[in-house]
Amino acid sequence: MNRRTSNQSFERLPSAVLEEILVKMDVESLCSAACASRTLRSSVSQILSSLSSLDLSGFSPNSEILNCVLRENEVLKSLTLNCLRLDDSSVRNFIGSSLQELVLQRCSLLSYQIFCSIGERCPSLRVLVLEMGGQGLPQIFKKNLAQMLKGCANLETLSLKIRGTAELDADGFESIELFLPRTIKILRLQPVLEHDVMQFMHETRVDRNSVASDSLSIPTYPAPIDMKLHSISLVLDIISDELLISIANNLQFLIELDLEDRPSKEPLLHHDMTNSGLQSLSSCRHLTCLSLTRSKQNFAATFKRVNDMGMFLLAEGCKSLESVRLGGFSRVSDAGFAAILHSCKSLKKFEVFSAFFLSDLAFHNFSEAPSSLTEVRLVSCSLITSETVGKLSSCRSLEVLDLWGCKSVADNWLGLISTLSGLTTLNLGGADITDNSLSVLSMGNSPIASLCLRGCKRVTDKGIALLFRGGGTISKTLSALDLGYMPGISDKAVRTVAEAGLKITDLCIRYCYFVTDASMEVLASKRRSKGHKPIQNLDIYHCIGLSLNLLAFLRRPSFCGLRWLGIGQTSLSNRRNANFAEIYRDRPWLTVCWDGCEMGCHNGWHFHGPEDHLF
């Protein structure tokens, strides 16, 4: 049947049937369908104009695409945008009084003026999530932020992730307590200084009606004296005992506490977190989610003043915890981590990062631990072996198992993991597994959708073939596969993925030196047919076996669903502007990253200029 006949068949369908078909399609497919005929264009326009919730985070639309999708919608209440290619005017045109939830991600081109626009146009806003690069003076940032919050008086969730100048990092959220709405229940700020948070904790308990507005550099707003924060997430310069004690004393209704610090030097002994700080959290009677991590982004520091006793005190005082995330606790051993596992009977998520002394012994009596665990992440814990994997297989409700960097995890015991009927995410990056492990996984009944094998040097093309040909569940459910940094992977493995990985949409093969143009040719032809899903996100960073012929595979109709492509350090690295102009015009949905970001530019979006991505 040719395209014209197909279009005529669509036009003869009853409108109710046509609408039933179209409402199940994603936005990209709807826009493609709208180009086929007037009937479809009219039906698609009607559907888009009636949507109350729209998530466009899966790709980075330009203003023209956004106009086509949103121009007739006057009932939109929830909007999520990837703003990588959008400036202030593009966003301003599509925010209005009906919006109650607004999520703006990767706002590289937005200025602080967008705060004023949101405050003026979105008086009903209850949820605001905004991540942007710092472009402008801190004084302008604070002034515009205050104006926005004054206009959004009913805000319940505020999440601001600002990355930019050192000046903004130093005091960007200074005095934010002066103008936060009293309705705020969830607050997430990055970055913020510890001393500003301490001031915030103090000021929320003080009536500042007597404070003269002319003494402040920003407009004042009624103090949130009776503000009842349920969740607070902060990225700070330092987590100290004073900070934890202040939070515990002032936020009596706290349910979720997420603190990450990024010290620029070794913390002073008298100004760091100790066992006493952890003990103070026992006064947070409603606390169910706790995350305390120390990043090595700026300096390789750890929580050196916290030991097993601190974990004993935390476990004893916070037995209602359902989610625990701990990173950088270099002095805590098996006994301390085991105390958390055994005391918190309702524990669902247990995450530990870079624990030097966490070993299999922490899981020795794991059968007595909570059976409700759904997510376990033991990242860069070098003493963890396959024995722990065997213990974790007793968690029949387990959905996520992340063993990234656990180099002593080998083939044995993985057979038990493959029997978990709820497991959807498995990360074995850096593990000492072989092709035999993939053979075992291929015959299991775990509905794994995301599998990471990055850095598994003993896995070869044969293992990938076995993974999809064992007759188990994974061949039907796998949608995201990471094969990066694997010397045993070549075109054979990629061909297997293209032919047998029916649902795979995300594929990472970065630093796979034996991948050539033949791989791109077979991936480019993967289409929506016979149950196959096309590749949407492809990471081929530093695949030096690719030639300039790669450019031909990126032209339509090849790679029909491609939305993100990581292509840095390939043969095309020096030809981005000359050769990609036509591709950008033909593929307005496509983001091309040359800078080595992880899939989707989740890390590093703020460093890209428009010339690096899209234009």
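The structure presented is a predicted model; accordingly, all values stated were derived computationally and were not measured.
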| request: Taking the side chain as every heavy atom from C-beta outward, state whether T388 and L403 have any pair of such atoms under 4.5 Å apart. | output: no
| Can you tell me if NE2 on H364 sees more than 12 non-hydrogen neighbours from other groups inside 6.0 Å? | no
| query | Can a salt bridge be assigned to the pair R377 and E375 using a cut-off of 4.0 Å between side-chain N and carboxylate O? | reply | yes
| request: Classify the side-chain pair S276/D241 by whether it contains a donor and acceptor separated by less than 3.5 Å. | output: no
| Got a second to check how far Q147's CD is from E120's CD, nearest 0.5 Å? | 5.5 Å
| request: Evaluate whether atom CD of E74 has more than 12 neighbouring non-hydrogen atoms of other residues, nucleotides or ligands under 6.0 angstrom away. | output: no
| message | To check you understand the geometry: which heavy-atom pair defines the closest contact between N537 and W564, and what is its length? | response | OD1-CB, 3.1 Å
| Given L259, which of V197, L290, L236, V235 fulfils the side-chain contact (heavy atoms from CB on, under 4.5 Å) condition? | L236
| request: Tell me, with the steps shown, if E266 and K304 meet side chain to side chain contact (heavy atoms under 4.5 Å, CB included). | output: CA-CA 10 Å; E266 189 68 42; K304 294 180 179 178; 3.7 Å; yes
| field | Which atom of I417 lies closest to which atom of S446, heavy atoms considered | value | O-OG, 3.2 Å
| Plane angle bin for F253 and H230 - parallel if under 30°, tilted between 30 and 60°, otherwise perpendicular | tilted
| About how many Å separate CZ of F366 and NZ of K391, when rounded to the nearest 0.5 Å? | 10.0 Å
| D595 side chain to C597 main-chain N or O, any donor-acceptor pair under 3.5 Å? | no
| request: Output yes when a side-chain donor or acceptor of D237 lies under 3.5 Å from a complementary backbone atom of E194, and no otherwise. | output: yes
| task | Heavy atoms only: give me the nearest N73-V75 pair and the separation to one decimal. | result | OD1-N, 2.9 Å
| request: Answer yes or no: are there more than 12 heavy-atom neighbours, outside R331 itself, under 6.0 Å from its atom CZ? | output: no
| Short side-chain to backbone donor-acceptor contact, T288 and E322, under 3.5 Å | no
| Do the non-hydrogen side-chain atoms of E316 and Q279 ever get within less than 4.5 Å of each other? | no
| remark: dist I340:CD1 -> L347:CG (nearest 0.5 Å) comes out at 8.0 Å
| message | Looking at E131 and R106, would you say the former's side chain and the latter's main chain have a donor-acceptor pair under 3.5 Å? | response | yes
| CE/M198: more than 12 non-hydrogen atoms of other groups inside 6.0 Å | yes
| Note, T293 side chain near L326 side chain (heavy atom, < 4.5 Å) | no
| Hey, what do you get for CD (E101) to OG (S53), rounding to the nearest 0.5 Å? | 7.0 Å
| message | With rounding to the nearest 0.5 angstrom, report the CD1 to CG distance, I247 to L287. | response | 10.5 Å
| field | Under 3.5 Å: donor-acceptor pair, side chain of T183, backbone of L155 | value | yes
| said: Tell me whether S479 contacts the main-chain N or O of A449 through its side chain, where contact means a donor paired with an acceptor under 3.5 Å. | reply: yes
| Side-chain (R294) to main-chain (T302) donor-acceptor, under 3.5 angstrom | yes
| said: Do W404 and R454 make a side-chain contact, defined as non-hydrogen atoms from C-beta onward lying under 4.5 Å apart? | reply: yes
| said: Main chain of I238, side chain of D261: is a donor-acceptor contact present, judged purely on distance under 3.5 Å? | reply: no
| Within a strict 4.5 Å, meaning less than it, do heavy atoms of the N82 and F59 side chains meet? | no
| request: Might you work through the side chain to side chain contact (heavy atoms under 4.5 Å, CB included) test for D308 and F357, ending with a clear yes or no? | output: CA-CA 11 Å; D308 288 341; F357 301 117; over 6 Å; no
| query | How about D360 and L383: do any of their side-chain heavy atoms sit closer than 4.5 Å? | reply | no
| request: Would you check, one step at a time, whether the test side chain to side chain contact (heavy atoms under 4.5 Å, CB included) holds for E260 with Q190? | output: CA-CA 10 Å; E260 176 187 341; Q190 175 183 338; over 6 Å; no
| field | Shortest non-hydrogen contact from C83 toward C107 | value | CB-SG, 3.8 Å
| task | Please tell me if the side chains of K150 and F179 come closer than 4.5 Å, counting only heavy atoms from C-beta onward. | result | no
| query | F303 and G327: which non-hydrogen atoms are nearest, and at how many Å? | reply | CE1-O, 3.5 Å
| said: With a 3.5 Å distance limit and no angle check, can you tell me whether D196 reaches the backbone of F173 through a side-chain donor-acceptor pair? | reply: no
| message | Under a 3.5 Å threshold, yes or no: a donor from one side chain and an acceptor from the other, between S359 and D334? | response | yes
| task | Ignoring hydrogens and angles, tell me if any N or O in the side chain of D272 forms a donor-acceptor pair with the backbone of P267 under 3.5 Å. | result | no
| task | Check whether any side-chain heavy atom of L244 sits under 4.5 Å from a side-chain heavy atom of M273, and report yes or no. | result | yes
| Could you state the interatomic distance from CG (L128) to CD1 (I184), rounded to the nearest 0.5 Å? | 9.0 Å
| said: Before you tell me yes or no, could you show the steps for K161 and L130 under side chain to side chain contact (heavy atoms under 4.5 Å, CB included), namely the whole-Å CA-CA distance, both residues' side-chain angles and the distance that decides it to 0.1 Å? | reply: CA-CA 6 Å; K161 180 180 180 181; L130 178 61; over 6 Å; no
| field | F115 to M148 - nearest heavy-atom pair and separation | value | O-CB, 3.1 Å
